[in-house]
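Report on one structure; see the data block that follows.
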Protein chains: 2
Amino acid sequence: MADVARRAGTSTAVVSYVMNDGPRPVAVATRERVLAAAADLRYRPNRIARALRARRTGVAGLILADASNPYFAALAREIERALADRDTLTLVGNAGHSPARQKRLAERFLAAQVDGLVVVSAEGGADVAAEAEAHGTRAVHVHHRPRTAHGPLVPADNAAAVRAAVDHLRGHGHERIDFLSGPTDAGPVGVRRRAWARATPGTLLRCTYSRADAADLTERLAATDTLPSALVVATDEQAIGVLAGACRAGVAVPGRLAVVSLDGAPDTAYTAPALTVTAQPLTAMADRAVDQLLTGEADDTPLTAPLITRATCGCPDRPRSGSPR
Amino acid sequence: MADVARRAGTSTAVVSYVMNDGPRPVAVATRERVLAAAADLRYRPNRIARALRARRTGVAGLILADASNPYFAALAREIERALADRDTLTLVGNAGHSPARQKRLAERFLAAQVDGLVVVSAEGGADVAAEAEAHGTRAVHVHHRPRTAHGPLVPADNAAAVRAAVDHLRGHGHERIDFLSGPTDAGPVGVRRRAWARATPGTLLRCTYSRADAADLTERLAATDTLPSALVVATDEQAIGVLAGACRAGVAVPGRLAVVSLDGAPDTAYTAPALTVTAQPLTAMADRAVDQLLTGEADDTPLTAPLITRATCGCPDRPRSGSPR
DNA sequence: CTGAAAGCGCTTACAG
DNA sequence: CTGAAAGCGCTTACAG
């Protein structure tokens, strides 16, 4: 920067003003000279130095419970996109469902002076929001905020989504509809489970949030002839497992078993058969989370997750002509 | 830091030495006082200041062609893990297959003074490696390096993988085996396509790297009765689309159409039916890429991608008992 | 083993 | 409209 200033016959202050288009005006002739000098010297501003002085890095931290889960992965992509739209870089880390790892990530990101932290489906036990607050940094939760944590949350309207799913299956003639939940009733899955219990009779099933477990469970139910005619599944990860298990057991979907999944990430459009889902509005959730992070304005009205009918509910699978995801 | 030094009755130099365990020794008593003072004041070192002075940020940049692709997403996860294992944070960005966006990301990451850049399946046209070199920063390509780019590449043995896939399908009695390639023969897909052409007779099929296109193509082939009995598919993304298209068209897999995919990311274990694949060794690739990035030592011997037989090739789908992914 | 001080590359009051 | 200079929070020669 000093070199550029020297070559342009001016001061580093002026160089800064032209590189940043402000905050003070620069005479056209001076600006030209600076730009020419910068180009000649291939000058690239050092964002680290800028960050140290300006106390803003232009970097946000994104903490993921588990990017192997296609729903979280899709959400992560949208958040990275939303951040990039606002000229902010994304530091990512997978906590792998471990509170300890989650806490370590938060500490490291905070030490790296991120401008904010977005936490997708935080674990209980490690209060990232509190760490951030102690650091004077904003944090926002997406999808799920542990009961111990404070700070804003960007939620979807999970109860309404479940009601839509149940109503739709009922329209296909199912009177009892089972529900596949996670191992506990924490977070949005609990909301979904309770909304299902209020909406329809049926059996509560549980397994971990993994394809493997959901597939095994489905095979086991098929083997013991205890499969329901219709099943609402708490997460995409499990729904994909259910389809895999049904396929291995020779169970026809949707003929023998109708399925609706409640995350509805884009990947679900290309399962076999194509999953009917309630689709969480990932783009809107990401934009809202990032806006809240950058402006500090809170808005926790739930976002609508519309029903998307595809093949697994029993609707005819409409041929799609080259439709993008 | 000055506060800590004052409270411990020493200098900032000593505080630095104890926070970093070096490079100079500190008397035990002094160290204790510093640690106590740091704890009392909840002192957290500022990595940005450290980075400015030490000319190392402890951050690497990861540029992805497209995280929607499950293979790239899985590779990204492994790279983030490998970097974290070496105490390095990960800045990510999706280029969305656009050379312009890829270049912009590289510039931004370089401006953020990353210690290195890893590029997964770079686009031609934007020479990230050259940008990095001009900046005095290391870059390594994973999976694919455009012909215009220099620098190290971490490749899998794609030709051997294709031969294994073809041999296996031949063992199931297929004499002609078609190949679904991408729109062009760039990169590893070209290697795969040529290895297939050398190994077996069959028809060359092409479509974009999207589930939608692969599904549509499969439906179209089914409608015109031009489906092969066996198909090797260049990428997971397309293979998932083929399965979706087959399901929509009522084509039995593997009975009427046997399929093997050549990426073999973990997601392929839970398609319906489960995909037989050659599995790129993602963990080994990520570790090697990160080692090369951090040490500068190159090693471009191809990594083996073993055949994993599941259901789509015609092998019996073995029941798995709760096996993790 | 320790301290005083320079300096990393910027931004931004302060002064003109 | 512009310049000289302080200072962001560290690390690391330099000197003892």
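All of these numbers come straight from a predicted model, not from anything done at the bench.
- If you find the closest nucleotide of DNA chain C to B:L52 and to B:V14, the one lying nearer the 5' end belongs to B:V14.
- Remark: B:S16 is in phosphate contact with D:dT11, judged by side-chain N or O atoms under 4.0 Å from OP1 or OP2.
- Side chains of A:N20 and A:R50 form a contact here, defined as non-hydrogen atoms less than 4.5 Å apart.
- The side chain of A:T10 places an N or O atom within less than 4.0 Å of a non-bridging phosphate oxygen (OP1 or OP2) of D:dG3.
- One atom, CD1 of A:I48, and another, P of C:dT11, lie 13 Å apart when rounded to the nearest Å.
- Nearest nucleotide to the side chain of A:Y17, out of D:dG9, C:dA13, D:dA13: C:dA13.
- The shortest distance between side-chain heavy atoms of B:E131 and B:E107 falls below 4.5 Å.
- Residue A:R24 places a side-chain atom within donor-acceptor reach of the base of D:dG3, judged by atom type and a 3.5 Å distance cut-off alone.
- Counting to the nearest Å, the C1' atom of C:dC10 and the CD atom of B:Q113 are 11 Å from each other.
- Between B:D21 atom CG and C:dC1 atom P the separation is 14 Å, expressed in whole Å.
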| message | Before you tell me yes or no, could you show the steps for B:D66 and A:R77 under salt bridge (charged side-chain N to carboxylate O under 4.0 Å, His left out), namely the whole-Å CA-CA distance, both residues' side-chain angles and the distance that decides it to 0.1 Å? | response | CA-CA 9 Å; B:D66 175 18; A:R77 238 153 45 223; 5.4 Å; no

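- If you measure from atom CG of A:D3 to atom P of C:dC8, you get 11 Å, rounded to the nearest angstrom.
- Within the 4.5 Å cutoff, the side chain of A:T10 has heavy atoms near those of the A:V34 side chain.
- Side chains of B:Y71 and B:H143: a donor-acceptor N/O pair is present below 3.5 angstrom, by distance only.
- Within the structure, a side-chain polar atom (N or O) of B:Y43 is placed less than 4.0 Å from OP1 or OP2 of D:dC10.
- At the phosphate of D:dT11, OP1 or OP2 sits under 4.0 Å from a side-chain N or O atom of B:R50.
- Going from the C1' atom of C:dG16 to that of C:dT12 covers 16 Å, rounded to whole Å.
- Listed pair B:R47 / D:dG9 fails the phosphate criterion, with no side-chain N or O lying under 4.0 Å from OP1 or OP2.
- Of the candidates C:dA5, C:dC8, C:dC10, the closest approach to any side-chain atom of B:R55 belongs to C:dC8.
- Across the protein-nucleic acid pair, A:R6 atom CZ and C:dG9 atom P stand 12 Å apart, rounded to whole Å.
- For the pair B:R81/B:T283, a side-chain contact is recorded, criterion being any heavy-atom separation below 4.5 Å from C-beta on.
- C:dA5 atom C1' lies 14 Å from atom CE of B:M1, rounded to whole Å.
- Paired regions of DNA chain C, where each region holds three or more successive Watson-Crick or G-U pairs whose two hydrogen-bonding distances fall under 3.5 Å, are C:1-3 with D:14-16, C:5-12 with D:5-12, C:14-16 with D:1-3.
- The one candidate from B:V119, B:V118, B:N94 that meets the side chain to side chain contact (heavy atoms under 4.5 Å, CB included) condition with B:L64 is B:N94.
- Checked options A:D263, A:N69, A:V142; the residue passing with A:L75 is A:V142 (criterion: side chain to side chain contact (heavy atoms under 4.5 Å, CB included)).
- The phosphate of D:dT11 has OP1 or OP2 within less than 4.0 Å of a side-chain N or O from B:N20.
- For DNA chain C, the neighbouring residues in residues 26-35 of chain B, judged by any heavy atom under 4.0 Å, are B:V26, B:A27, B:T30.
- Side-chain contact check for B:S98 versus B:R104: every heavy-atom pair is 4.5 Å or farther apart.
- Under the rule for a side-chain hydrogen bond (donor to acceptor under 3.5 Å, both in side chains), the partners of B:R86 that lie at least two apart in sequence or sit in another chain are B:D287, B:D291.
- As a whole-Å value, the separation of B:H135 NE2 from C:dG9 P is 11 Å.
- Distance, A:R53 CZ to C:dC10 P: 14 Å, rounded to whole Å.
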